Structure formats: C-alpha cells, structure tokens
Amino acid sequence: MADPSSYRPQPGQIPDSPGVYRFRDEHRRVIYVGKAKSLRQRLANYFQDLAGLHPRTRTMVTTAASVEWTVVSTEVEALQLEYSWIKEYDPRFNVKYRDDKSYPYLAVTMNEEFPRVQVMRGHKKKGVRYFGPYAHAWAIRDTVDLLLRVFPVRTCSAGVFKNASRTGRPCLLGYIGKCSAPCVGRIPAEDHWELADEFCDFMAGRTGTHLRRLEKQMTEAAEEMEYERAARLRDDIGALKKAMEKNAVVFADATDADVIAVAEDELEAAVQIFHVRGGRVRGQRGWVTDKVEEITTGALVEHALQQLYGEETGDAVPKEVLVPALPDPVEPVQEWLTGRRGSGVSLRIPQRGDKRALMETVQRNAQQALVLHKTRRASDLTTRSRALEEIAEALDLDSAPLRIECYDISHLQGDDVVASMVVFEDGLARKSEYRRFQIKGFEGQDDVRSMHEVITRRFRRYLAEKERTGEWTDAESALPDGDATASASSTASASGAGLPDGATLANGKEAPLAAGLKDDEGRPKRFAYPPQLVVVDGGQPQVAAARRALDELGIDDIAVCGLAKRLEEVWLPHDDDPVVLPRTSEGLYLLQRVRDEAHRFAITYQRAKRAKRLRSGPLDDVPGLGETRKQALIKHFGSVKRLRAATVEQICEVPGIGRKTAETIAAALAQAAPPAPAVNTATGEIIDDEEPETTAGSPGDPVTAGAPEERRGQET
C-alpha cells in the first residue's frame, strides 16, 4: 500500500487549467480517471490528510503509485476525453454503470436491400433503426405480430429468405398475409423498403397519419360497398390501436424526452431511465453501480449521461433530458449533448405537471431496483468473502486470493492439444482476462508435460513484463536457458526473444507479444498481472508440474493447488495427502466453479480447432491463397475435383489468379492425395462422383472414410 506523499507532484508542476488526470497503480494500470476545471485545485484534494478522505477515495490514493494529467482547452473536451479513457482503460475505482440485463430492442435493418424486423441485443449497428429498449423480448414479438397486419415487412432470417427465393415458395407468414413476400417477388425492393420506412415512422410515434389514412380508406371502401375490404381495414385499425395501448401515454403534447432518476445510499446507486417518444413510454432500462468514490447525485447523473449518449448521435439523443439533479457545471454537459445530437438539447429538472409526476414514477422504480439489487447481492458478497477466506485458511495462505488463475488441458486422443487459462477476481469471473494456448513443445498426449509448458510460457511473459517496466531487474538470472528478454524493444515478437508464441485471445486471434501489451498507456495487458493462487485441473502430477515450472522461473510467491475430479480433493505441492474440504464448503464450491469454467473454456477451444481441421481442404495448404480467391476458384470450377483436373491455363482464367499462383495451386493439388469417397452414414451409400463444393470454414462437409469423426474417444 503506497503512501500518497511518495508520488505527490509539486504544486507548481500542476497546471491551473482544465484537464483529465489518471491515477496508476504499481503495475502501471490506470485505476482512476477524472476531469477537472482546474487540475491544480482538484488534485490537491487527493493529497490531504488521509483521515479526511472518504474511505473509498482513501483506498484509491493508497492503491495508486503515480498520477499524470493531460491539459485540454475546454471543459467539453475534458468531458469527452474522460469518457473515452473510462471506456478504454476500465478503471476499477471509477463509477461504471452495469446493466442488470442485456436489454432487447426492436430493430429494422434499413441497411439491407429487403429490410428485416427482428429482436436485437448488444451493440448497435450502423444503418439499423432501433426502438426500445423493452423489458422482455416477448413484448417486442407481441407488438410486431400486431403491426404485421398493417405493415407486412419481412421478419425471416437470411437463410429462410434465400431458401424461399430458391424454391419460389414463401413461408407461412407470406401465405397468411403477414409478410409481403419479397423473397418470391410479390413486392419490388423499393416498395418493400417504403413499407419498412412506414413501420419505422409508426414506431417512432408518428401514428396519427397512418390511422387517419386507414380510416379514410375504410370509409371509402364502405361507400363503394366493398365490405370485406372495409372489414380488413377496420381490423387493421384495431391492431394499430392495440399496439399503441401497450405504450402508456404520459405527455399529451407528443414530447420526445428521456427521464432519468437516481436512488442511492452510501455504497451504491441505481439509475432508471424511461424513454418517451411521441408522448408515450417506448422503453425502460436501469443500471446499478458501486460508489467507489465520494460522489454527488449530479455527478452520478453526469456519468449516466455519458453511458447513455457516449456512442449515440442524431435523433438517438432526445431534445429534452429530465434529471433529478444537474451536473456541476451543467454547461459543458449540455454543450456536449448538443454536439452529439446536432441541435439543441434541454437538460433540466422538472418542477411541476406531467413531467414531475413521471419523474416521481421513475424515482420509485429506481428505489425498488436498488432494494432488489441489495437483496440479491447481500448474500452473494457474504458468500464470496467466506469462500475466499476458507480457501486461504485451507491452503495456509497469508491473505485471501483475490485473483485466482485456473489452467486445464484438453485434447481428443492426443490430437489438437490445447490449454485454457481462466481468471476469477474477487470470486467473480473476469472473462476479458481469459487466454487460450496451443501446445507446441511436443506432439501427443501428455497432460503433465503440457501443464508444465503452459505455466512456463504464461509466467515467463509475466517476468519479461516485470523486467521491461523495471519492477524487477533480476529477471534474466531467473529465466532458464537464456530465455530472458532485455527490453521492450526485444519483445517485438515471441520468436527471437525466447518467448514462445501460441497464447491466443478469447476471440482466437494470435498476436505478437509486444502488440498486446501497450502498458505505457494503461490498457489491459496480456500476462502482466500475477495471481495469488494458481489452480490446475488435475491431481498430484499436474500440481507438481506447475510448481516445478514456477520454481524454474524463480517465482516463489504464488501458491499452487490442484483440484482432482474424482473425489474433489485439493492437492498441494510436496504433500502426499490431499486437503479435503467439507462438501458444504463455499471455498470448495468456488474452486469447483473455477475448475469447471477452465474445463468449459478449454473444451470449447479444442472442439473449434478440431472442427476447423476437419473442414480444411487441399486449398488451405496453398501459400498466399486467401479466402476470396479460394471461393472464386470453387465458384468457377464447381468442385475441388474439377479444379484438380484443370490445366494451369484454365486456372489462370479465374479472375485474380495469375500464372505463378496457378502453377502453385496445380502443384499443391497434384501433391495432395485425393480424399476417400464420401459416405452417407445413414444408408452406407458411397458418394464419389464429386467432391463437396465447400472450402475451409464452410458447413456441410460429408463424413469421409477414415475421418477422425469415425473414431470414438473422450475429450479431456
């Protein structure tokens, strides 16, 4: 725990101007980001007597090891930079609102030739119109079902749409009149797009025009004695009105506004937002946050506004935002919102009338959300704390293991051997820290040797990073066989520095070591933070291998244990007998969760690698041949069999294929042995007339004779 006076800058060094500041810990991680109208006055508040600081602020300044700042010209720039850095660095001591769920939206894909109405979650995509958020997906589907009578827009997936186009038969909705069936040409693309645009207008609150148009058409049909058509229009009007009734009218003047309310106590705060469009409540969502700093209601509102509108532009930012308290100062925030919208935005506290009444309703929702959250979390916090204490006591650790890393090896009969690393911090999974490894040091099945390799590679990188940042200068003497790296410049790639490649991020991409660090800016680093406890999936041999790997690297301050599946025994290095935790122990339950998560993550990666290998074809081995040109070759020749029989001149006829590439393709296909004939496993029929028209990564490859799928084995 650092003394703030050890890194306090001299008063004359801090400028008296607007800016954004960052506190970093001893590992150079950014742990707090803040903005100030005057950096000098704001930072001085952190370096007063510790007894006068808020407990959480005191924890932050004693955790930090340095502070730095960036000067900007205006407070609006400071607000924008603060938001960007909070999103980028994810500082642990900043207020970060977390959704209690991933809210569903009603989305219309206006960026497609034939727009589709569907339920969407997650990040918003460009060119897609969103309405909501809704509390439940079924509420969206009920609304869409009513509106499809009047606006029969496509709702099917791309696969269903393509299949209907191929067969010339629409789906059931096309037959019952709830889809205009653009897949079979019943409606031109332009007319279907206009229909989707009318659907969006109705959802955006412009309902009067459509109702008046339908009522006029109904009257005309009745006067012309077209009673069946008039009856259909009557039912359409009823469906629209029923859909409108699902959204309560709160403002008679068709106001567009977002209403934000905050409920808080000393430790936590809950935020509720009602999205009002066209005078009706179109969506609702809420967040809960820990108050990790001393903060006012106005500051909580400011952070909520950043969360809501930080990535929104145009009409997604309403003309009016009603809040329980104004940020201090309010002008930069209002100017920032105006810039996001492109026109004026009113940020104010409602004082009377319908808007004040709605604010009280939203406030009650926020209060109930905070109570519900506390009820759920109280037992969770207590349980996690007890679990960590039980683990520390059972393993004789000096303190509770706040960061636990667990490793597991997975393979199928010695093929596609991979490993996983999962991270739990404070008893909760931290998925952004998960990592995956390919075993490269040897081939075959040897879990103990694989575990030794993975632990060595992970902590070798940790030592290299400590040396690079100057935290530990004796790394070279600890790294065996001359594997130490001298500086950051020597770690541009794992090869050449003695650091093995093969650790991949959770998305499967593998990058050079230096590309993933970026620690000078405080971004998350790949292997730079040590755990207090390493857990391996296995018994005494795996634990011994992990301990030996750490000893060879000179690391003696990280505890190691293993959890064996058979009897759920906890094994420690150099102990002949396991530690047996009670079956009702929260500590054992946490270790089981960590182990099971590592197993799940490893098996998922192993299956993905195996599936990719089974789908690979001879074209995958041609150097310099990318996916686009492979698809062009298959499209031109129809199959790999025909491509193998083609001459170099015929291959050159494919767009993008030169003579040198064609010669390489012909040589590679000539060397590759033709695959065994495909077999229909249901009938036993041999299908050998054509190879499948697929390339690597495409579905539908038939099972071939002798393929690994014929083998039976247990994945580990």
Side-chain angles (χ1 to χ4, degrees), residues 83 87 99 101-148 150-162 164-165 171 173 178-183 187-207 210 240 243-244 246-247 256-258 273-278 280-285 287 305-319 337 339-343 345 507:
Y83 171 74
K87 295 287 286 186
D99 276 322
K101 60 179 74 67
S102 177
Y103 286 93
Y105 285 82
L106 171 58
V108 186
T109 57
M110 302 299 292
N111 55 348
E112 298 183 6
E113 181 183 8
F114 298 100
R116 176 190 176 193
V117 177
Q118 60 182 312
V119 177
M120 276 193 180
R121 299 177 186 264
H123 295 291
K124 295 185 177 180
K125 300 177 182 178
K126 187 176 181 180
V128 179
R129 294 282 301 275
Y130 291 89
F131 304 96
Y134 288 76
H136 304 283
W138 56 261
I140 300 178
R141 296 187 180 98
D142 285 352
T143 300
V144 170
D145 186 62
L146 291 169
L147 295 182
L148 288 181
V150 187
F151 308 104
V153 185
R154 167 198 165 204
T155 58
C156 60
S157 65
V160 173
F161 187 89
K162 184 177 179 180
S165 301
C171 63
L173 292 180
K178 288 194 173 182
C179 178
S180 54
C183 54
I187 182 173
E190 297 79 8
D191 293 347
H192 184 268
W193 197 93
E194 291 179 4
L195 192 64
D197 192 48
E198 292 179 357
F199 179 92
C200 293
D201 284 344
F202 185 86
M203 290 302 302
R206 293 181 282 275
T207 58
H210 297 287
L240 290 184
M244 292 169 59
K246 290 180 175 290
N247 302 114
D256 290 347
D258 283 350
I273 304 99
F274 277 24
H275 302 277
V276 181
R277 299 295 183 269
R280 296 175 179 272
V281 179
R282 298 289 182 179
Q284 173 188 359
R285 55 177 154 175
W287 297 314
L305 294 173
Q306 289 179 321
Q307 177 92 352
L308 271 172
Y309 308 119
E311 299 178 5
E312 304 288 358
T313 56
D315 291 339
V317 182
K319 296 179 181 178
L337 290 174
R340 304 299 303 178
R341 177 177 170 82
S343 60
V345 176
N507 60 9

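A quick note: this is a predicted structure, and the numbers were derived from the prediction, not measured.
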- Message: Quick check: closest heavy atoms across Ala107 and Val128, and the distance to 0.1 Å?
- Response: CB-CG1, 3.7 Å
- Task: Indicate the atoms forming the closest heavy-atom contact of Pro182 with Arg154, along with that distance.
- Result: CG-CB, 4.4 Å
- Do the non-hydrogen side-chain atoms of Phe114 and Ile187 ever get within less than 4.5 Å of each other? no
- Task: Sequence neighbours left out, what passes side-chain contact (heavy atoms from CB on, under 4.5 Å) with Pro318? Give chain and number order.
- Result: Asp258, Arg277, Tyr309, Val321
- CE of Met110 to NZ of Lys126: how many Å apart, nearest 0.5 Å? 15.5 Å
- Item | Mutual orientation of the aromatic rings belonging to Tyr130 and Tyr105 [parallel < 30°, tilted 30-60°, perpendicular > 60°] | perpendicular
- Locate the shortest heavy-atom distance separating Pro115 from Val108; write the atom from each residue and the value. CB-CG1, 4.3 Å
- Kindly compute the distance separating CG (Leu195) from CD (Glu190), expressed to the nearest 0.5 Å. 13.0 Å
- Query: Is a side-chain donor or acceptor of Arg116 paired with a backbone partner of Cys156 at a separation under 3.5 angstrom?
  - Reply: yes
- Message: Within this structure, what is the CG-CZ distance for the pair Asp197 and Arg129, rounded to the nearest 0.5 Å?
- Response: 7.0 Å
- Task: For a side-chain contact (heavy atoms from CB on, under 4.5 Å) with Gln118, tell me which candidate from Thr109, Val144, Thr155 qualifies.
- Result: Thr109
- Query: By side-chain hydrogen bond (donor to acceptor under 3.5 Å, both in side chains), which residues pair with Glu312, not counting sequence neighbours?
  - Reply: Lys124
- Give a yes or no on whether the backbone of Gly310 and the side-chain of Arg340 come within a donor-acceptor separation of less than 3.5 Å. yes
- Are Lys319 and Ser343 side-chain neighbours, meaning at least one heavy-atom pair lies under 4.5 Å? no
- Task: Working to the nearest 0.5 Å, report the span between CZ of Phe151 and OG of Ser180.
- Result: 12.5 Å
- So do Arg285 and Leu308 actually touch side chain to side chain, heavy atoms under 4.5 Å? yes
- How many angstroms lie between CH2 in Trp287 and CD1 in Ile273, if you round to the nearest 0.5 Å? 4.5 Å
- Atom CD in Glu112, atom CZ in Phe161: separation rounded to 0.5 Å? 9.0 Å
